[in-house]
Amino acid sequence: DVFLGGLGYTGEGVLRRTAADRGSWVIPARREEILAILRELGAVHNHEVRLRRRSGGFFDGLISVVPLRVGGEDCLLGQVADTSARRRAEQASRESQRMLTTLMSNLPGMAYQCCLDPEWTMLFVSEGCRELTGYEPADLVGNRRLSYGSLILEGDREAVVAGVREAVAEGQPYRIGYRIRHAGG
């Protein structure tokens, strides 16, 4: 129960009082938007809101509201799911991705993640791809323009595949030297 638990109110503190009466809307105009959607569509499902707790702090949530009659009186049944933890996790994920992208773009050479298929289908390719191969990273991801496997010189392919498969099977790191064909020839 958001009002009794999440917002910090007692049962008496919420009976016959709206969230607007309690000052629970961080952005009061958002309440009007939610009510306009309710009037237009007859119900509100999972719209983002920011609500103020009794303590003064706030949280982000998804609100759903449907009209109903209780004892002959028109009422609204509302539910708010607290999404603050999810938002924090999404922000942390974006920050982690930003840091990884920064790291990968500053590594010498090319970092990649690929499938062990004959084409070496790339799942991720760092910006170093451009300097090493002459191709844009996006050209190789998912074999969009060409496969990384096609860049490995014919005479080196068999040894590369064998060396990688052996290291993967043993769960060991590996270092293999091989030649690739640069976009410039």
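Source: prediction; values computed, not measured.
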Ionic contact status for Asp139 with Arg130, cut-off 4.0 Å
no
Any carboxylate oxygen within less than 4.0 angstrom of a Lys/Arg side-chain nitrogen, looking at Glu73 and Arg69?
no
Establish whether [X] and [Y] are linked, either directly or via other cluster members, by ILVMFWY side-chain heavy-atom contacts under 4.5 Å.
| X | Y | answer |
| --- | --- | --- |
| Leu153 | Met122 | no |
| Val160 | Ile180 | yes |
| Ile63 | Val66 | no |
| Trp25 | Leu62 | no |
| Leu116 | Ile176 | yes |

List the residues meeting side chain to side chain donor-acceptor pair (under 3.5 Å) with Arg144, not counting sequence neighbours, and say none if there are none.
none
Quick one: list whatever passes side chain to side chain donor-acceptor pair (under 3.5 Å) with Arg181, sequence neighbours left out.
none
Residue [X] excluded, over 12 heavy atoms near [atom1] under 6.0 Å:
| X | atom1 | value |
| --- | --- | --- |
| Glu131 | CD | no |
| Glu158 | CD | no |
| Leu100 | CG | yes |

Going by distance alone, is a donor N or O of one side chain under 3.5 Å from an acceptor N or O of the other, for Arg94 and Gln91?
yes
Under 3.5 Å, is there a donor-acceptor pair linking the side chains of Thr121 and Asn143?
yes
[X] side, atom [atom1]; [Y] side, atom [atom2] - distance, nearest 0.5 Å:
| X | Y | atom1 | atom2 | answer |
| --- | --- | --- | --- | --- |
| Arg52 | Ile27 | CZ | CD1 | 9.5 Å |
| Leu38 | Glu33 | CG | CD | 13.5 Å |
| Leu107 | Glu127 | CG | CD | 11.5 Å |

Can you list the residues that meet the side chain to side chain contact (heavy atoms under 4.5 Å, CB included) rule with Ser126, with sequence neighbours excluded?
Met104, Met110, Ala111, Phe124
Mind checking what makes side chain to side chain contact (heavy atoms under 4.5 Å, CB included) contact with Thr102, not counting sequence neighbours?
Arg98, Asn106
Restricting to non-hydrogen atoms, name the atom on [X] and the atom on [Y] that form the minimum distance, rounded to 0.1 Å.
| X | Y | result |
| --- | --- | --- |
| Gly42 | Pro67 | O-CD, 3.1 Å |
| Pro173 | Ala167 | O-CB, 4.4 Å |
| Gly61 | Val80 | CA-CG1, 4.2 Å |

Return the orientation label for the Tyr148 and Trp120 ring planes: parallel under 30°, perpendicular over 60°, tilted otherwise.
perpendicular
Judged by atom type as modelled, is there a donor-acceptor pair below 3.5 Å linking the side chain of [X] to the main-chain atoms of [Y]?
| X | Y | value |
| --- | --- | --- |
| Ser93 | Ala89 | no |
| Thr83 | Arg86 | no |
| Thr101 | Gln97 | yes |

Side chain to side chain, [X] and [Y], heavy atoms closer than 4.5 Å:
| X | Y | value |
| --- | --- | --- |
| Glu48 | Asp60 | no |
| Val44 | Ser64 | no |
| Glu95 | Glu90 | no |
| Val65 | Leu77 | no |
| Leu140 | Tyr112 | no |

Pairs where residues 166-178 contributes a residue and the test salt bridge (Lys or Arg N to Asp or Glu O under 4.0 Å) is met, not counting sequence neighbours:
none
Would Arg53 and Asp82 count as a salt bridge (charged side-chain N to carboxylate O under 4.0 Å, His left out) here? Give the steps.
CA-CA 12 Å; Arg53 298 182 195 280; Asp82 187 344; 3.6 Å; yes
Give the other cluster members for Leu123, using side-chain heavy-atom distances under 4.5 Å between Ile, Leu, Val, Met, Phe, Trp and Tyr residues; answer none if it is isolated.
none
Test side chain to side chain contact (heavy atoms under 4.5 Å, CB included), reference Phe58, set Val26, Val49, Leu51, output is Val26
Verdict with reasoning, His47 to Ile37, per side chain to side chain contact (heavy atoms under 4.5 Å, CB included)
CA-CA 10 Å; His47 284 263; Ile37 293 167; 3.6 Å; yes
